[in-house]
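In what follows, a single structure is set out as structure tokens and then discussed.
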Amino acid sequence: MLQIYNTLNRRKEPFEPLKAGHVGLYVCGVTVYDECHVGHGRVMIVYDVLYRHLQAAGYLVNYVRNITDVDDKIIKRAAENNVSPSDLSQRYIDEMHADERALNVLPPTHEPRATESIKSMVRIIGRLIDSGHAYAADNGDVFYSVKSFAEYGKLSGRKIDELRAGERVAVDEYKRDPLDFVLWKASKPDEPSWPSPWGDGRPGWHIECSAMSMDLLGEEFDIHGGGADLQFPHHENEIAQSEALTGGRFARYWMHNGLVRIGDEKMSKSLNNFLTIRDVLAQYSGEEIRTFIIGSHYRSPLNYTSEALLAARTALRRFYTALRGRPVQRAALADAHAVDPALLDAGYVERFNAAMDDDLNTPEALAVLHELANTLNKEAQLDSERSIRLASTLVCLGGRLGILDRDPELVLQGEGDSDGPTAEQIDALIDERRTAREAKDFARSDQIRDELAAQGVVLEDAGGKTTWRRD
RNA sequence: GGCUGAGUGGCAGAGUGGCUAUGCACCGGAUUGCAAAUCCGUUUACCUCGGUUCGACUCCGGGCUCAGCCUCCA
């Protein structure tokens, strides 16, 4: 049974969905004013792995991940670039989708944009004002009254008094209390705006997620996820708005992924120390990035280093080497819910599931795959029944993590790699080398191997045959 | 200052109140014409000080160090 660490209670809890067999999952997506960086990539991948695991466990998952496409930064960046905010956000949405494809991230069930749910936001804000949880200020802004919600702080473990003592909240003359946050922002003349009972304006960030999640998942739903940096104030505010509105529970399980660091510091736009997914893709494959991400537990901080990326590359090469030449019925494994158990090794599947059920312990799951690869390597015969079953298990379980779904031959031979000799040239040299070896002309044979090695091509003689791969 | 969380072998990174994590690296061996890949074996741990316990890296408390949040942030 799946256990999830619930930030609300600070412990692992058995996952019990509201409605048997169904899961409503909401994840805070990105604000689209720039390219996605590795930290965004981690969110995409972590919840993609959760999505895949839930599906494999037989759940019908309604996975919602929003797009914030109205925001101060978008407006500012659009003005700088002399384009409309909607053109700017559309451009970065397209780029985000390209990044996701490169990282083998499945599209969520719904990907709502904030600008498509403005009516819901206005309705919610109106009700919050009616019930005394919000107030309209004289300048057209609407604020949420934090002290009107007794449980404020329950997610992040803060108390209103302590926050107040911090004295770091910006003072705003229109706020009744410095802790209050904006639900609706009056717009300036040249900014995007929508009509509302409080004048033309646009929504605050926090209300967007409450509106979109409730629109698509209902007032109460199963899992809400996002980066650890959103815990406070964003998620705290979502809870305050939503539970004040409905009087009931909002999300039942709160999941927070750890942040990506670089040089022991959080990778972020504001620190300007980020690498975009695109930057990294110039050097490493999406699958390598993905393997790097799932190599640590999702709640831990993760340091970005080239050593770690190279380690991920090595790990993948080991898996693909183990799979090379072994027949696998890929088609039969494609549908995660409907794999015939007879095709798989029950022991490894069980260990893998146990790791994943333990709050998505992907490093442990990966360790199981390494042991599986080891067992597979010991099975000398490529097409024995056992070999096929083990290889199928490796591919199937790898697929649950979103890796190992490519043709080993193509991966090892550097699919799409344009530098270096062509496959035909390599094959010709291998032929020549074989002739030399048969004549015991090892000088020539080694010369050919060295020349290819210098061009990044590694030859391997095994079982009387020579195979090659690009390094 | 307050609130979270973390400190594991050369590196990355799981986990457990007493039993091999795993991968990379290192060393030795098998295999190979030599390599590569693979297999086998070996070495190196649990921040610190107390407490609980027959026994703690694992539980409890103090300390130290680090990170995140308290302002937009995945």
Side-chain angles (χ1 to χ4, degrees), chain A residues 7 10 27-31 33 36-47 65 68 71-73 76 153 155-159 161-170 179 181 205 225-236 256-261 264-271 274 291-292 295-297 299-303 305 307-315 317-319 321-322 324 355 358 361-371 373-378 380 412 437 440-443 445-446 449-450 453 458-463 466-469 471:
Chain A
T7 307
R10 313 264 164 205
V27 172
C28 289
V30 304
T31 301
Y33 69 99
C36 292
H37 61 61
V38 181
H40 299 113
R42 189 176 194 190
V43 174
M44 295 169 184
I45 289 167
V46 162
Y47 296 102
R65 193 188 53 210
T68 296
D71 167 87
D72 289 349
K73 285 179 182 166
K76 182 164 172 269
L155 178 70
S156 53
R158 284 157 221 251
K159 296 187 172 58
D161 294 342
E162 286 162 354
L163 286 164
R164 211 159 262 146
E167 290 282 350
R168 295 215 10 213
V169 183
L179 297 178
F181 58 89
W205 177 40
D229 53 350
L230 298 187
Q231 207 178 110
F232 188 88
H234 185 236
H235 291 161
E236 200 70 72
H256 292 96
N257 60 279
L259 304 179
V260 175
R261 297 187 202 169
D264 282 323
E265 215 176 28
K266 172 184 174 179
M267 180 184 287
S268 73
K269 296 278 172 66
S270 36
L271 290 170
F274 60 94
T291 304
F292 158 67
S296 76
H297 185 85
R299 280 191 282 117
S300 304
L302 176 57
N303 252 328
T305 61
E307 288 80 6
L309 268 295
L310 287 171
R313 171 171 295 173
T314 308
R317 186 164 65 215
R318 180 174 155 79
F319 289 135
T321 301
R324 194 174 205 180
D358 182 14
N361 192 339
T362 51
E364 179 70 28
L366 225 37
V368 172
L369 296 193
H370 272 111
E371 289 182 41
N374 176 266
T375 306
L376 181 56
N377 281 331
K378 283 188 236 179
L412 292 168
R437 290 179 77 206
K440 306 261 189 237
D441 181 1
F442 294 121
S445 156
D446 290 351
R449 192 172 61 198
D450 292 345
V458 179
L459 299 189
E460 294 172 357
D461 303 320
T466 299
T467 54
W468 62 273
R469 65 179 162 85
D471 221 0

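By convention in this document, chain letters (A, B, ...) are assigned in the order of the sequence lines, proteins followed by strands, and residues within each chain are numbered from 1. Because the structure is a prediction, the values reported are computed rather than measured.
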Nucleotide nearest A:P363 (side chain, heavy atoms from C-beta), chosen from B:rC72, B:rG2, B:rG13
B:rG13
Examine B:rA37: is either OP1 or OP2 under 4.0 Å from a nitrogen or oxygen in the side chain of A:N377? Give yes or no.
no
Write down the distance between CG (A:N257) and C1' (B:rG68), rounded to a whole number of angstrom.
12 Å
Let's test this: given Watson-Crick or G-U wobble pairing with both distances under 3.5 Å, identify the partner of B:rG1.
B:rC70
Of the listed nucleotides (B:rA74, B:rC70, B:rC34), which one gets closest to any side-chain atom of A:L259?
B:rA74
Can you measure A:E460 atom CD to B:rC39 atom C1' for me and round it to whole angstrom units?
15 Å
Complementary nucleotide of B:rU65, counting Watson-Crick and G-U pairs under 3.5 Å:
B:rA6
Identity of whatever pairs with B:rC57 - Watson-Crick or G-U, under 3.5 angstrom
none
Side chain of A:S270 - closest among B:rU22, B:rC72, B:rA14:
B:rC72
Watson-Crick or G-U wobble mate for B:rA12, both contacts under 3.5 Å:
B:rU22
What nucleotide, of B:rG33, B:rC40, B:rG5, holds the atom closest to the side chain of A:S445?
B:rG33
For the pair made of NZ in A:K266 and P in B:rA67, what is the distance, rounded to whole Å?
14 Å
So, is A:H40 near the phosphate of B:rA74, with a side-chain N or O under 4.0 Å from OP1 or OP2?
yes
Starting from P on B:rG5, measure out to CG on A:D264 and report it in whole angstrom.
21 Å
Report the distance from atom CG of A:D358 to atom P of B:rA14, rounded to the nearest whole Å.
12 Å
Looking at every strand, decide which applies to A:R318 at a 4.0 Å heavy-atom threshold: base, sugar-phosphate, or nothing.
sugar-phosphate
Identity of whatever pairs with B:rU44 - Watson-Crick or G-U, under 3.5 angstrom
none
Roughly how far apart, to the nearest Å, are B:rA67 and B:rA30 at atom P?
49 Å
Taking only side-chain nitrogens and oxygens of A:S300, does any of them come within less than 4.0 Å of OP1 or OP2 of B:rA14?
yes
Tell me which nucleotide, if any, is Watson-Crick or G-U wobble paired with B:rU38 when both distances must be under 3.5 Å.
B:rA30
Compare the minimum distances between each of B:rG33, B:rC72, B:rC70 and the side chain of A:R449, then state the nucleotide with the smallest one.
B:rG33
May I ask you to test the A:F292-A:R313 pair for a side-chain heavy-atom distance under 4.5 Å?
no
Round to the nearest Å and state the distance from A:R261 atom CZ to B:rA12 atom P.
12 Å
Checking B:rA14, B:rC70, B:rG68 against the side chain of A:N361 (C-beta onward), the nearest is B:rA14
Atom pair distance, as rounded to whole Å: NZ in A:K378 and C1' in B:rA30
14 Å
May I ask you to establish whether A:R65 and A:Y47 are in a cation-pi arrangement, using a distance under 6.0 Å from NZ or CZ to the six-membered ring centre and at most 45° from the ring axis?
no
Measure from the side chain of A:T321, starting at C-beta and using heavy atoms only, and say which of B:rG23, B:rA37, B:rC70 lies closest.
B:rA37
Could you give the CG-to-C1' distance, from A:N374 to B:rA37, as a whole number of Å?
14 Å
Would you indicate what A:V260 reaches in the nucleic acid, counting non-hydrogen atoms under 4.0 angstrom: base, sugar-phosphate, or nothing?
base
